[in-house]
Amino acid sequence: QVQLVESGGGLVQAGGSLRLSCAASGRAFFMFAVAWFRQAPGKEREFVSAMSRGGGSTAYIDSVKGRFTISRDSAKNTVYLQMNSLKPEDTAVYYCAGRPTPELPKTVAEYTYWGQGTQVTVSS
């Protein structure tokens, strides 16, 4: 069993930066592909970024390319999402997700484990 706990959300002005963290319990986390999703009020949860279990492959939604960077520290069992040049449309609850797979899933249905979410609010 793996538990994921996000942190690092908050209120920031447009153009600012935040770094989200996702701490995982469980010794097998190195076998997991990991991802970040977000859900704005009244909208469906959407894919933001993902990283393969070895870290060799990453994916991003077009709207965050060049602004967000996903990374993982295997020694700390932690996944990060560095978010720069934030925009008001980035406002959402951000969720960390994981699945033990060699693939790079990008949909909600493909992920097994989820964190509780952390709120990111970008003011204009």
Side-chain angles (χ1 to χ4, degrees):
Q1 189 73 7
V2 171
Q3 290 186 326
L4 305 176
V5 179
E6 303 97 333
S7 62
L11 173 64
V12 64
Q13 289 187 333
S17 298
L18 284 173
R19 188 178 79 158
L20 305 183
S21 299
C22 173
S25 63
R27 294 178 296 173
F29 191 63
F30 69 94
M31 298 180 64
F32 280 51
V34 293
W36 289 94
F37 289 78
R38 64 188 180 187
Q39 187 166 17
K43 296 187 177 181
E44 294 187 351
R45 192 170 299 188
E46 69 170 353
F47 169 79
V48 175
S49 180
M51 175 173 275
S52 62
R53 63 185 184 186
S57 297
T58 58
Y60 297 91
I61 192 173
D62 285 347
S63 61
V64 307
K65 286 181 179 178
R67 300 190 298 122
F68 290 10
T69 304
I70 190 171
S71 62
R72 66 192 299 170
D73 185 333
S74 296
K76 296 182 177 180
N77 266 11
T78 301
V79 181
Y80 303 99
L81 185 68
Q82 178 67 44
M83 306 186 296
N84 298 328
S85 302
L86 282 161
K87 303 176 181 180
E89 51 263 44
D90 295 318
T91 295
V93 177
Y94 283 71
Y95 297 89
C96 175
R99 176 180 174 178
T101 176
E103 306 298 328
L104 191 62
K106 303 181 188 67
T107 67
V108 172
E110 293 179 282
Y111 280 90
T112 310
Y113 298 97
W114 291 86
Q116 82 290 349
T118 186
Q119 176 70 47
V120 171
T121 303
V122 185
S123 63
S124 57

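The aromatic rings of Phe37 and Trp114 sit tilted, their planes meeting at an angle between 30° and 60°.
Summarising the geometry of Gln119 relative to Ala92, their closest heavy-atom pair is NE2-O, 3.5 Å, with the distance given to 0.1 Å. Between Ala24 and Leu4, the closest heavy-atom pair is CB-CD2, 3.6 Å. Contact between Ala33 and Thr101 at its shortest, heavy atoms only, is CB-CG2, 3.8 Å.
For Tyr60 and Phe47, the ring centers sit 6.0 Å or farther from each other.
With hydrogens and angles ignored, the 3.5 Å screen pairs no side-chain donor or acceptor of Thr78 with any backbone N or O of Ala23. A donor-acceptor contact shorter than 3.5 Å is absent between the side chain of Glu46 and the backbone of Gln39. For the pair Thr121 (side chain) and Leu11 (backbone), a donor-acceptor distance under 3.5 Å is absent. The backbone N or O of Val122 sits less than 3.5 Å from a side-chain atom of Thr91, completing a donor-acceptor pair.
At a cut-off of 3.5 Å, with distance as the only test, no side-chain donor of Arg99 or Tyr111 sits close to an acceptor on the other residue.
The local environment of CD in Gln82 is crowded, with over 12 non-hydrogen atoms from other residues, nucleotides or ligands closer than 6.0 Å.
With rounding to the nearest 0.5 angstrom, the OG atom of Ser57 is 9.0 Å from the CE atom of Met51. Taking CG of Asn84 as the reference point, atom CG of Leu18 lies at 9.5 Å (rounded to 0.5 Å). Atoms OG and CG, on Ser7 and Leu20 in that order, are 8.0 Å from each other to the nearest 0.5 Å.
Taken together through direct or relayed side-chain contacts under 4.5 Å among Ile, Leu, Val, Met, Phe, Trp and Tyr, Val108 and Leu104 form parts of separate hydrophobic clusters.
Side-chain contact between Cys22 and Trp36: present, with at least one pair of heavy atoms (C-beta onward) separated by less than 4.5 Å. Proximity of Glu6 to Gln116: side-chain heavy atoms (C-beta onward) are separated by under 4.5 Å at one or more points. Residues Arg67 and Lys87 form a side-chain contact, since some pair of their non-hydrogen atoms from C-beta on lies under 4.5 Å apart. Using a 4.5 Å heavy-atom threshold, the side chains of Thr118 and Val93 count as separate. Between Leu81 and Arg19 there is no side-chain heavy-atom pair separated by less than 4.5 Å. For the pair Phe68/Leu86, a side-chain contact is recorded, criterion being any heavy-atom separation below 4.5 Å from C-beta on. The shortest distance between side-chain heavy atoms of Phe29 and Val79 falls below 4.5 Å.
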Pair Val48, Val64 - check side-chain contact (heavy atoms from CB on, under 4.5 Å), show working. CA-CA 7 Å; Val48 175; Val64 307; 4.2 Å; yes

Take Tyr113 and Gln3, measure what side-chain contact (heavy atoms from CB on, under 4.5 Å) needs, and give me the verdict at the end. CA-CA 7 Å; Tyr113 298 97; Gln3 290 186 326; over 6 Å; no

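By the salt bridge (charged side-chain N to carboxylate O under 4.0 Å, His left out) test, Glu103 is found to be paired with no residue, residues two or more places apart in sequence or in another chain being considered. For the salt bridge (charged side-chain N to carboxylate O under 4.0 Å, His left out) test, residues two or more places apart in sequence or in another chain that qualify with Lys65 are Asp62.
A cation-pi geometry, defined here as NZ or CZ lying under 6.0 Å from the six-membered ring centre and within 45° of its normal, does not hold between Arg72 and Tyr80.
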